[in-house]
Amino acid sequence: MNTKQDIVIIGGGVIGVCAAYEMTKRGAQVTLIEQGEVASGSSYGNGGLIVPSHSVPLAAPGVPLQGLKWMLNPESPFYIKPHFDLGFIEWMIRFAFASRHGPMMRSIPILRDLLLASRVLFDHLASEVGFEFGYEQKGTLMVYLTPRALEGGVEEAHLVGRFGIETKILNSAELHKLEPALLPEVIGGIQYLQDAHLDPARFVTGLAEKAQELGVRIQTKTEVLGFETSNFRITRIHTTRGDFPAEQVILAAGSWSPAVMRDLKIKLPVQAAKGYSITLERPQVSPRIPLMFGEARVVVTPLGDRLRLAGTLELAGMDLSINQRRVAAIQENSAKYLPGLERAKVLEIWRGLRPCTPDGLPVIGRVKAFDNLIIATGHAMLGISLGPITGELVSQVAMGEKPEIELSPLKLERF
Ligand SMILES: Cc1cc2nc3c(=O)[nH]c(=O)nc-3n(C[C@H](O)[C@H](O)[C@H](O)COP(=O)(O)OP(=O)(O)OC[C@H]3O[C@@H](n4cnc5c(N)ncnc54)[C@H](O)[C@@H]3O)c2cc1C
């Protein structure tokens, strides 16, 4: 094993921090560069769900059409903003192709393997790191108001069930017994037993502190501006706070990754998909188990004395503005499933940009163009779930070990 290398990680979200922690444990000298603070990108206020249940990629039959249908609805949970940027148009074409039945079926076992491996690593981390991050293994419940949507949900449960994901279909009585907080209008649902949840901000900032204790140098408020290269290697990284030499560079800049790569002339098909969360003071009647609302496409995560609603997927470029109508729609639509949400005190409204590839699989591994560059991005709606396994795979690649999961389906050159 190759130890004591100077490794520079760009990006202090869940992916960069998990990679830093794993690599420092393996004896590498790691510097993590972050333009803001740790977890100031999309890893802060997200749903915090760890979801092997989501082994079906975003690119699936019917999804592009649904996005187009909802384009004119200002309150829809999935929105594609038409804009004439060449990268976006190329991405949409690839997305449409990847959404066919065949490619989706090929992607399911790849995502499943990553998600299940990561779930196991969370169990280890919870006992290893020595700080509490709200990790609970209670599964999740996907619940429905209408028979038609429930039917669709059951179909998807059977599909992932065929790939080994543990599901339990619940009728109304069984569901309400398991989660009495739900309103009587909820007619049934699916229990996903391998899912779990955590407080994402606590996990990422806590792990960053732990990594720092182990020797990782964390350089915040430092923006990467460009690179110096020679003989197919990156030799220096230019930042707003001086230059950093590097033996190896890990790119984990989430939705900003394509912009960071531009200086290296590497095209990375990643589009930002904005989502919102509303963190509420926990109402008196409140769920014990994290919920996913089938029709509203909102997830609900109990976080101690808070309750978080998260939802919406807006393909609108790097736009961080807050659309209040969509935020209000998340709360209003959720009130159809749970009591008291309209009146609950709002503690925080947040938005984040999910880094999405057109085929719904992340990009993890070395790239052909530079010998010492590793990319780890494109985790879309699964970045928290996939953080630990991505950290592990990236460290294995960086340290010259054989990755425990075959990385060829995740390489950048597939595009
Ligand atoms: C509403 C919502 C709900 C979600 N719910 C879940 C969920 O329940 N479960 C789940 O698994 N996932 C969920 N996700 C997805 C998850 O949040 C993301 O996949 C994950 O946070 C991506 O992590 P990342 O480290 O790749 O990117 P980020 O967390 O965005 O980190 C990238 C970092 O790079 C930094 N950076 C960018 N450019 C530069 C530069 N030039 N120089 C230095 N630093 C730079 C940024 O400041 C940022 O901190 C959700 C996302 C949203 C928006």
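Basis for what follows: all heavy atoms, side chains included, without hydrogens, waters or symmetry-related copies. For ligands, and for the atoms within them, numbers begin at 1 and follow the listed sequence.
Checking Glu128, Arg26, Lys210 one by one against Tyr21, the side-chain hydrogen bond (donor to acceptor under 3.5 Å, both in side chains) holds for a single residue, Glu128. Between Phe203 and the choices Tyr44, Phe131, Phe133, the ring-ring contact (aromatic ring centres under 6.0 Å, His included) rule is met once, by Phe133.
For Ala273, no nitrogen or oxygen atom sits less than 3.5 Å from a nitrogen or oxygen atom of ligand 1, counting backbone and side chain alike. At under 3.5 Å, a nitrogen or oxygen of Ile15, whether backbone or side chain, sits near a nitrogen or oxygen of ligand 1. Considering backbone and side-chain atoms alike, Asn46 places an N or O below 3.5 Å from some N or O of ligand 1. Distances between N or O atoms of Val14 and those of ligand 1 include at least one value under 3.5 Å. Close N/O approach between Lys274 and ligand 1 is not found [any backbone or side-chain N/O within under 3.5 Å]. For ligand 1, the polar-atom distance check against Ser385 finds a nitrogen or oxygen pair separated by under 3.5 Å.
Heavy atoms of Ala252 found under 4.0 angstrom from ligand 1 belong exclusively to the backbone. If you look at Ala253 next to ligand 1, the close heavy atoms, those under 4.0 Å, come from the backbone and the side chain alike. Residue contacts with ligand 1 for Leu49 involve both N, CA, C or O and side-chain atoms from C-beta outward (heavy atoms, distance under 4.0 Å). With a heavy-atom cut-off of 4.0 Å, Ala380 touches ligand 1 through its backbone alone. If you look at Arg351 next to ligand 1, there are no close heavy atoms at all, none under 4.0 Å. In Tyr276, the part holding a heavy atom less than 4.0 Å from any atom of ligand 1 is the backbone. The backbone of Thr222, and not its side chain, has at least one atom closer than 4.0 Å to an atom of ligand 1 (non-hydrogen atoms only; backbone = N, CA, C, O).
Counting non-hydrogen atoms of neighbouring residues, nucleotides and ligands closer than 6.0 angstrom, the CD atom of Glu413 exceeds 12 such neighbours.
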Verdict with supporting geometry, Arg354 and Gln271, side chain to side chain donor-acceptor pair (under 3.5 Å): CA-CA 8 Å; Arg354 306 171 182 91; Gln271 287 289 323; over 6 Å; no

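Cation-pi contact between Arg297 and Phe78: absent, since separation from the ring centre below 6.0 Å together with deviation from the ring axis within 45° is not met.
Near Glu223, meaning under 4.0 Å from one of its heavy atoms, ligand 1 places the atoms 41 (N), 42 (N).
With respect to atom 6 (C) of ligand 1, the closest heavy atom belonging to the protein is Gly47 N, 3.7 Å. Looking only at heavy atoms of the protein, atom 33 (C) of ligand 1 is closest to Glu34 OE1, 3.5 Å.
Listed by chain and number, the residues in a side chain to side chain donor-acceptor pair (under 3.5 Å) with Glu281 amount to none (sequence neighbours excluded).
Screening residues 291-331 for ring pair (Phe, Tyr, Trp, His ring centres under 6.0 Å), with sequence neighbours left out, gives Phe293-Tyr337.
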